[in-house]
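To start, the structure itself, in C-alpha cells.
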Amino acid sequence: MDYEAFVEEKIAEIRRAVGRGRAINALSGGVDSAVVTVLGHRALGERLRTVFIDSALMREGEPESVRDVFAGMGIPVEVIDARADFLGALAGLTDPEEKRHAVTSTFYRKVFGDLVRQSGATYLLHGTILTDIEETVAGIKRQHNILAQLGIDPMAEYGYHVLEPLAELRKDGVRQAARVLGLPPELAERIPFPGPALATRIVGEVTEARLQLVRAATAIVEEELAPTKAFQYFAVLLEDKATGIRGGRREFGQIIVVRCIDSVDAREASAVEVPWETLQRICARVTSLDGVNRCLYDLTPKPPATVEYV
Ligand code: XMP
C-alpha cells in the first residue's frame, strides 16, 4: 500500500465529512489514537479538539509526556483530570468484568460523553483498526464501536457521527502511517497498552495506593525489558500476599508478577526467555519498592493464560 497516498486520502475524507463543523477525539498515547489525532489536525486544524483523559490508570508521567510530544508537533492536547471519577467507579470492585465495565462506562458515558456534549462537536474521530472489527465479529474481543455495545446510539444520544479513518489498516499499517506522518518513534513503535490501562494489571480492588505500586513496578519492568524488543512487557500486582523478611522483621507483603511475551497479534503468545541477569535485576529493583517482598516471572503461554490478568 502507498501510505503517503493513504494519509492524504484520509485527510481529505475527514475534511469533506466534517465540512465546517467541529470534531473531537480522545488521545490515549497509543499509536492508533496518535495517528488519528495527527490526521484530524491536518484535516481540521483547531476545529478538532483533542483530549487526553487522565483516568488515574495510566503509566508514570504518561499524561505529561503525551501532551509534550504533541505540543512538539504543534498539536494542542487538553489533559482532563478525571481521576476521581474513575477511582470512585472502581472503589470496592474486585470482579474483572465489573472492573472493566466500570472503566469503559465511566469513560464513555460520563467523562467523554460530557465533553462531547459540551464541545458542540458533531463528529467523533475514533482509532478503530481492522483487527478490532474482525475480533469483534469473531467474538474474541469486545472493543469495536464500544458505544453501540453499551446500547448508546451516538447520533440519537449525543448528536454526533463517528469517523473511523483507520478501519482498513492492521497494526503494522498504522505504524507505517505513523512514520509517514512524522510521529516520533516512541509513539510509532510503542508496545500495546490496553484501554482499561493499569486496571487490567491489578488483581482485586483498584485503589490509589495499589495503582501507585503497580505504576512504579511497571516503570522498572518497561525500562529493563525494552532491550528485549518483545511484543509486550509489564508488571502485575496480585491480590495475594506472602511472608517475607525486611530489616530483620517478618512482613506480610505484596507480590508483583513480571510478564514478557512474544506474539504476532496477541491472539497467541509465549513467554520470552529473558536473560537471568535481567530478571535478577528486575527482582532486586521491584522488591525494593515499599511493601513488596516477592517478584515472580510468568512462564504461561496464551492459551491457556491471557496476556493481561484482568
Ligand atoms: P488478552 O489479555 O485478552 O490481551 O490476552 C490481548 C491483547 O489485547 C490487549 N487488551 C486490550 N486492549 N482494550 C484494548 O484496547 C482492552 O480492553 C484490552 N484487553 C486486553 C492486551 O494488552 C494484549 O495486547
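Read the numbers this way: they start at 1 and go in the same order the structure lists the ligands and their atoms.
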Does ligand 1 have any atom that is closer than 4.0 Å to a heavy atom of R267? no

Closer than 4.0 Å to some heavy atom of P196 - which atoms of ligand 1 meet that? 13 (N), 16 (C), 17 (O)

Out of curiosity, does V274 fall in the hydrophobic cluster containing L296 (side-chain heavy atoms, cut-off under 4.5 Å, transitive links)? no

In terms of atom number and element, which parts of ligand 1 are under 4.0 angstrom from non-hydrogen atoms of T306? 1 (P), 2 (O), 5 (O)

Side-chain donor-acceptor pairs under 3.5 Å in residues 301-310, sequence neighbours left out?
from: K302; atom 1: NZ; to: A266; atom 2: O; distance (Å): 2.8
from: T306; atom 1: OG1; to: E308; atom 2: O; distance (Å): 2.6
from: E308; atom 1: OE1; to: T200; atom 2: OG1; distance (Å): 3.2
from: E308; atom 1: OE1; to: R201; atom 2: NE; distance (Å): 2.8
from: E308; atom 1: OE1; to: R201; atom 2: NH2; distance (Å): 3.4
from: E308; atom 1: OE2; to: R201; atom 2: NH2; distance (Å): 2.9
from: E308; atom 1: OE2; to: Q232; atom 2: NE2; distance (Å): 3.4
from: Y309; atom 1: OH; to: D298; atom 2: OD2; distance (Å): 2.5

By side-chain hydrogen bond (donor to acceptor under 3.5 Å, both in side chains) - contacts of S28 (at least two apart): S33

Using distance alone, decide if ligand 1 has a nitrogen or oxygen within less than 3.5 Å of any nitrogen or oxygen in V307. yes

Could you list which atoms of ligand 1 come closer than 4.0 Å to a heavy atom of K302? 1 (P), 3 (O), 5 (O), 6 (C)

Using a 4.5 Å cut-off on heavy atoms from C-beta on, say whether the side chain of Y297 contacts that of L299. yes

For A266, the ligand 1 atoms whose distance to one of its heavy atoms is below 4.0 Å: 6 (C), 7 (C), 24 (O)

Taking N or O atoms only and a 3.5 Å limit, does E308 qualify as a polar contact for ligand 1? yes

Nearest 0.5 angstrom please: D240 CG to R294 CZ, how far? 11.5 Å

Charged N-O contact under 4.0 Å between R281 and E223: no

